[in-house]
Amino acid sequence: MQGKNLCTGWNTGGYWMVEFPAENLTAMTFSADMFSSGKAPKYFEMYYSTNGTDFITVNNSEVALSKKNQTVYDNFPLPEDLNNAKKVYIKLMISSKEAVNGSDITGVCVRIHSFYCSFL
């Protein structure tokens with residue numbers, strides 16, 4: 001997993017990224033447990049790509065974090081465009097400047113406790 005803007009602090013557009021090969025894989029789903037400190041980002045949205053450059057928003061993928069670890073994506077269906085892709089890139093991107101405590105983002109503590117992808 002890769003992160004962006006972690007050293008300089010979070011802003012809208014900062015992200016975590018997961019990449020994996022998906023050749024011969026179909027009907028993929030994504031699951032993740034996430035939490036955030038009170039000063040860190042509350043809202044994230046999922047984006048995908050097959051080339052690592054051009055990313056597309058996944059419909060209905062915005063989630064709200066809290067200070068408690070929780071499952072925010074639970075076997076969330078990934079777009080069929082990713083089926084059989086040589087490489088898949090999933091970005092979980094900050095989609096708002098709002099922190100968990102309701103103020104603007106000032107902290108950097110966002111954790112993805114666990115994630116997994118499933119497929120047929």
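For reference, positions follow the sequence shown, starting with 1.
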(request) Can you measure from OG (Ser31) to CG (Asn75) and round to the nearest 0.5 angstrom? (result) 4.0 Å
(request) For residues Asn83 and Met28, determine if any side-chain heavy atom of one lies less than 4.5 Å from a side-chain heavy atom of the other. (result) yes
(message) Less than 6.0 angstrom separating the ring centers of Phe76 and Phe30, yes or no?
(response) no
(message) Looking at Tyr47, I'd like to know if the NZ or CZ of Lys91 sits under 6.0 Å from its six-membered ring centre while staying within 45 degrees of the ring's axis.
(response) no
(request) Report the C-alpha distance between Val72 and Leu65 in whole Å, list the side-chain angles of each, state the deciding distance to 0.1 Å, and finish with yes or no for side chain to side chain contact (heavy atoms under 4.5 Å, CB included). (result) CA-CA 8 Å; Val72 292; Leu65 306 189; 3.8 Å; yes
(message) Please find the pair of heavy atoms, one from Thr29 and one from Pro77, that lie closest to each other, and give the distance.
(response) CG2-CA, 4.1 Å
(message) Rounded at 0.5 Å granularity, tell me how far NZ in Lys68 sits from CZ in Phe35.
(response) 12.5 Å
(request) Please list, chain by chain and in numerical order, all residues satisfying side chain to side chain donor-acceptor pair (under 3.5 Å) with Tyr48, sequence neighbours excluded. (result) Asp81
(request) Would you please name every residue forming a side chain to side chain contact (heavy atoms under 4.5 Å, CB included) with Asn51, sequence neighbours left out? (result) Ser49, Thr53, Asp54
(request) Locate the shortest heavy-atom distance separating Pro41 from Ser36; write the atom from each residue and the value. (result) O-OG, 2.8 Å
(request) May I ask whether Val63 and Val18 are part of the same hydrophobic cluster, defined by side-chain heavy atoms of I, L, V, M, F, W, Y residues being less than 4.5 angstrom apart, directly or through others? (result) yes
(request) Mind checking side chain to side chain donor-acceptor pair (under 3.5 Å) for Glu98 and listing every partner two or more places apart, or none if nothing turns up? (result) none
(message) Within the 4.5 Å heavy-atom criterion, are Trp16 and Met93 side-chain neighbours or not?
(response) no
(message) Would you say that Tyr43 contacts Glu62 through its side chain, given a criterion of any heavy-atom pair below 4.5 Å between the two side chains?
(response) yes
(request) Please identify each residue that fulfils side chain to side chain donor-acceptor pair (under 3.5 Å) with Ser103, with sequence neighbours left out. (result) Asn101
(request) Could you tell me whether the side chain of Leu78 reaches within less than 4.5 Å of the side chain of Ile90, counting heavy atoms only? (result) yes
(request) Would you please name every residue forming a side chain to side chain donor-acceptor pair (under 3.5 Å) with Thr71, sequence neighbours left out? (result) Asp33
(request) Indicate yes or no: at least one non-hydrogen side-chain atom of Phe55 is less than 4.5 angstrom from one of Met17. (result) yes
(message) Is there a path of hydrophobic side-chain contacts, each under 4.5 Å between heavy atoms, that joins Val100 and Ile94?
(response) no
(message) Do Asn84 and Leu25 make a side-chain contact, defined as non-hydrogen atoms from C-beta onward lying under 4.5 Å apart?
(response) no
(message) Can you confirm whether Met34 sits close enough to Leu92 that some side-chain heavy atom of one is under 4.5 Å from a side-chain heavy atom of the other?
(response) yes
(request) Report the residues that fulfil ring pair (Phe, Tyr, Trp, His ring centres under 6.0 Å) with Tyr89, sequence neighbours left out, ordered by chain and then residue number. (result) none
(request) Please name the pair of heavy atoms, one in Gly38 and one in Lys67, separated by the smallest distance, quoted to 0.1 Å. (result) N-CD, 3.5 Å
(message) Please give me the minimum heavy-atom distance between Ile105 and Ser96, naming the atom from each residue.
(response) CD1-O, 3.3 Å
